[in-house]
**Student:** 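Got a structure for you, questions after.
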Amino acid sequence: MSAAGFAYNFLNAASSSLTRPYLTSSRILPILSFSLLPRPPPPPPSCCRRIFSMAGDSKAKTGDPKAKTGDSKAKTGDPKAKNAQKKKKEVKKETGLGLTYKKDENFGEWYSEVVVNAEMIEYYDISGCYILRPWTMSIWEAMQEFFDAEIKKMKIKNCYFPLFVSPGVLEKEKDHIEGFAPEVAWVTKSGQSDLEVPIAIRPTSETVMYPYYSKWIRGHRDLPLRLNQWCNVVRWEFSNPTPFIRSREFLWQEGHTAFATLEEADVEVLDILELYRRIYEEFLAVPVVKGKKSELEKFAGGYYTTSVEAFIPNTGRGVQGATSHCLGQNFAKMFEITYENEKGEKAMVWQNSWAYSTRTIGVMVMTHGDDKGLVLPPKVAAVQVIVVPVPFKDADTQGIIDACAATVKTLTEAGIRAEGDLRDNYSPGWKYSHWEMKGVPLRLEIGPKDLANNQARAVRRDNSAKKDLPMANLVDQVKELLDTIQQNMFDLAKEKRDACVKEVRTWDEFVEALAQKKLILAPWCDEEEVEKDVKARTKGEIGAAKTLCSPFDQPALEEGTLCFASGKPAKKWTYWGRSY
């Protein structure tokens with residue numbers, strides 16, 4: 001059967017199975033039906049297009065060793081077969097070990113290939129939704145472990161609120177719901193029966209949680225109330241869904257806190273933002289800028305928004321990495337969250353909300369990946385070291401395998417996440433390609449020479465550098481190498497990001513820098529109408545320019561400096577650019 005035929009039959013079967021009710025314990029569970037507000041036209045079958053476009057030689061795609069080692073003629077010395085085999089190897093090397101697209105030539109297709117081939121995600125049959133595979137979840141869990149421990153030090157407690165939201169509370173805060181309305185998914189049926197009142201699926205949880213904050217907060221002794229939840233949210237994106245970056249369902253944490261004073265809320269906003277910076281820079285090795293969002297770009301219904309902003313040099317686009325919002329007292333007014341202060345007077349609380357999501361993982365892939373596949377920072381890699389036996393003809397194969405197993409045991413006992421690839425149906429070269437695609441930071445090879453010299457050959461994923469490591473102090477050397485790789489990845493990413501920063505002072509310089517895909521730093525008058533005008537004047541097929549953030553670390557603003565767009569006196573320096 002052809003690949004296209006297989007895809008057609010597969011989709012028909014999947015569609016058929018999805019229309020059947022789920023059965024359990026002889027009971028038919030009612031299927032909830034979803035609709036959107038407003039209801040969109042049916043999305044095009046992008047999953048079909050993707051399956052057909054990716055169809056091809058299944059052996060080459062799945063990495064079948066037979067497909068890569070040639071046929072029997074190559075082994076019998078046939079000159080034509082040898083030449084063909086040599087050409088295959090050259091093509092394989094040229095195309096980047098299994099990737100069809102190069103990062104610098106077709107970034108979008110390259111990214112789609114990497115996240116699938118590195119076994120991070122699998123495409124689902126609902127557009128904009130993705131299966132997060134264990135390789136991805138281990139990265140998420142590494143960040144979660146760090147962040148959860150840090151917020152608990154701040155006396156923030158975990159909780160969980162329901163996924164569903166009643167229309168009454170969702171629509172209570174007008175500005176807030178207007179910001180999310182196009183993305184809200186609604187449950188309209190139970191089985192074949194229409195629900196009397198549609199139920200929304202949370203796009204965020206302010207309106208879910210705050211009616212109960214009003215119930216729980218009575219006096220000043222109930223403050224501060226500081227809660228966090230780890231959950232999923234649904235935002236029904238219609239334009240350009242991208243794994244991790246823009247998806248219809250994603251994982252995140254969201255913190256929601258209430259204080260007696262604005263000063264307390266202000267302190268927490270920046271404390272949380274610093275934790276987000278550490279996630280990106282210390283764990284994911286991605287440089288970010290901390291700053292404040294403009295009034296136009298701030299959280300709907302909030303008082304002010306701060307963010308960490310990343311930048312992807314290959315596309316010239318910024319990425320809002322995580323946000324920490326001060327909500328002020330707006331939601332407190334809407335949901336009547338008041339308390340009795342020490343003087344016996346009634347007062348309203350000051351609130352914050354803050355979140356980061358699985359978008360962090362997409363930013364990491366875009367920043368570090370190369371034409372061989374994924375490149376993982378050691379701190380978040382599920383496997384930090386892969387040990388590969390390299391037996392030659394007439395070598396002590398069992399001795400080499402035993403040495404690999406012992407090495408894995410030694411590293412694991414020292415707290416290093418190490419595994420051995422002892423599969424005997426794949427060649428060492430195929431294993432190198434496989435683990436390079438998956439981004440494992442360090443590979444240790446053990447062959448006959450290494451066994452004789454009581455050493456291992458170390459190969460770095462970030463720069464392919466090789467080094468022989470004596471077994472006598474292997475653990476210390478591996479730890480040092482992993483630390484070096486982590487730092488080198490951050491330094492290289494920062495160097496590339498900084499090379500894209502362009503300071504401009506005039507509109508013509510701004511337009512030129514935007515065309516060159518730069519991260520633009522420009523003096524601005526901080527007026528909303530001017531920002532809207534910049535968006536309108538730069539609107540095109542690849543998106544309009546907008547403010548990313550005004551950095552907390554402000555360059556000196558000389559007296560008399562004018563706004564690049566309006567010619568009015570500038571009030572601050574602000575980063576501008578296109579964004580995801």
Side-chain angles (χ1 to χ4, degrees), residues 59-60 62-72 74-75 85 88-89 92-93 97-98 117-119 133-135 138 372-376 378 381-485:
K59 288 186 178 180
T62 57
D64 188 306
K66 294 179 181 178
K68 298 192 176 186
T69 55
D71 58 16
S72 59
K75 295 179 181 179
Q85 180 68 8
K88 280 185 180 180
K89 287 182 177 179
K92 176 186 173 187
K93 184 176 181 182
L97 299 170
N117 291 4
E119 299 176 353
R133 301 185 67 179
W135 206 244
S138 64
K372 293 181 181 179
L374 189 62
V375 183
L376 287 175
V383 178
Q384 296 172 312
V385 181
I386 187 69
V387 183
V388 179
V390 191
F392 296 155
K393 187 177 181 181
D394 301 325
D396 180 6
T397 301
Q398 190 58 49
I400 292 171
I401 291 174
D402 291 344
C404 289
T407 299
V408 171
K409 184 173 184 293
T410 298
L411 295 175
T412 302
E413 289 175 350
I416 296 168
R417 297 187 291 276
E419 289 185 7
D421 191 341
L422 307 181
R423 295 174 290 179
D424 60 5
N425 59 326
Y426 293 99
S427 69
W430 187 91
K431 293 176 184 178
Y432 299 165
S433 302
H434 173 73
W435 293 107
E436 284 174 345
M437 177 68 74
K438 291 176 72 68
V440 173
L442 190 65
R443 182 173 76 242
L444 294 183
E445 304 167 3
I446 300 178
K449 180 181 176 181
D450 304 301
L451 188 64
N453 295 334
N454 197 29
Q455 67 180 27
R457 169 66 61 88
V459 184
R460 289 169 54 170
R461 176 64 181 89
D462 62 323
N463 62 10
S464 301
K466 299 179 180 180
K467 183 179 181 181
D468 291 329
L469 306 180
M471 289 293 188
N473 58 343
L474 183 67
V475 168
D476 291 340
Q477 291 183 91
V478 166
K479 285 183 176 180
E480 183 179 343
L481 267 176
L482 293 175
D483 289 342
T484 300
I485 292 169

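Here, residue 1 is the first one in the sequence, and each next residue gets the next number. All values below were derived from every heavy atom in this structure, side-chain atoms included, with hydrogens, water molecules and symmetry-related copies excluded.
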**Student:** Could you grab the distance from atom CH2 of W430 to atom CG of N425, nearest 0.5 Å is fine?
**Tutor:**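 Between atom CH2 of W430 and atom CG of N425 there are 8.0 Å.
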**Student:** Taking the side chain from D483 and the backbone from E480, do they hold a donor-acceptor pair closer than 3.5 Å?
**Tutor:** no
**Student:** If you look at every heavy atom in E419 and V408, which pair is closest and at what distance?
**Tutor:** C-CG2, 3.7 Å
**Student:** At what distance, to the nearest 0.5 angstrom, does CG of L469 lie from CG of L442?
**Tutor:**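 So the CG of L469 and the CG of L442 are separated by 7.5 Å.
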**Student:** Can you check whether A381's main-chain N or O pairs, donor with acceptor, with R417's side chain at less than 3.5 Å?
**Tutor:**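 Pair found, side chain donor or acceptor close to backbone of A381.
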**Student:** So if I apply the side-chain contact (heavy atoms from CB on, under 4.5 Å) rule between P470 and each of D468, L474, N473, which one comes out positive?
**Tutor:** N473
**Student:** Locate the shortest heavy-atom distance separating V440 from Q384; write the atom from each residue and the value.
**Tutor:** CG1-O, 3.7 Å
**Student:** Once rounded to the nearest 0.5 Å, what's the spacing between atom CG of D476 and atom CG of L481?
**Tutor:** 11.5 Å
**Student:** Between K431 (side chain only) and D421 (backbone N and O only), is there a donor and an acceptor less than 3.5 Å apart?
**Tutor:**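 A pair under 3.5 Å: yes.
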**Student:** How about K479 and I416: do any of their side-chain heavy atoms sit closer than 4.5 Å?
**Tutor:**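 In short, these two side chains touch, coming nearer than 4.5 Å.
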**Student:** Tell me whether R133 contacts the main-chain N or O of A118 through its side chain, where contact means a donor paired with an acceptor under 3.5 Å.
**Tutor:**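 Here the side-chain-to-backbone pair does not exist.
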**Student:** Could you walk me through whether W435 and R461 pass the side-chain contact (heavy atoms from CB on, under 4.5 Å) test, one step at a time?
**Tutor:** CA-CA 9 Å; W435 293 107; R461 176 64 181 89; over 6 Å; no
**Student:** Looking only at non-hydrogen atoms, find the nearest pair between G98 and N117 and report the distance.
**Tutor:**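 Minimum heavy-atom separation between G98 and N117: O-ND2, 3.9 Å.
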**Student:** If I compare all heavy atoms of V459 with all of S464, which pair ends up nearest, and what's the gap?
**Tutor:**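 Smallest interatomic distance, heavy atoms only, reads CG1-O, 4.1 Å.
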**Student:** Donor-acceptor pair, R460 side chain versus K467 backbone, under 3.5 Å?
**Tutor:**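 It does not hold such a pair.
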**Student:** Would you call E436 and R443 a salt bridge, taking side-chain N to carboxylate O under 4.0 Å as the test?
**Tutor:** yes
**Student:** Once rounded to the nearest 0.5 Å, what's the spacing between atom OG1 of T412 and atom NZ of K409?
**Tutor:**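 If we round to the nearest 0.5 Å, T412:OG1 and K409:NZ are 9.0 Å apart.
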**Student:** Which value, rounded to the nearest 0.5 Å, describes the distance between L422 atom CG and I400 atom CD1?
**Tutor:** 11.5 Å
**Student:** So, taking the atom named CD1 in I485 and the one named CG in D462, what distance separates them when rounded to the nearest 0.5 Å?
**Tutor:**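 Taking CD1 in I485 and CG in D462, the distance rounds to 5.0 Å.
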**Student:** Any idea which heavy atoms bring T407 and M471 closest together, and the distance?
**Tutor:** OG1-CE, 3.4 Å
**Student:** Between W135 and K438, is there a donor-acceptor pair closer than 3.5 Å when you use the side chain of the first and the backbone of the second?
**Tutor:**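 Checking the backbone N and O of K438 against the side chain of W135, a donor-acceptor pair under 3.5 Å is found.
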**Student:** What residue among L411, I386, D450 forms side-chain contact (heavy atoms from CB on, under 4.5 Å) with L444?
**Tutor:**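 Output: one option passes, namely L411.
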**Student:** Between Y426 and V388, is a side-chain contact (heavy atoms from CB on, under 4.5 Å) present by the stated rule, with each step listed?
**Tutor:** CA-CA 11 Å; Y426 293 99; V388 179; over 6 Å; no
**Student:** Check P389 against P428 and note the closest heavy-atom contact, atom names and distance.
**Tutor:**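 P389 and P428 have their closest heavy atoms at O-CG, 3.9 Å.
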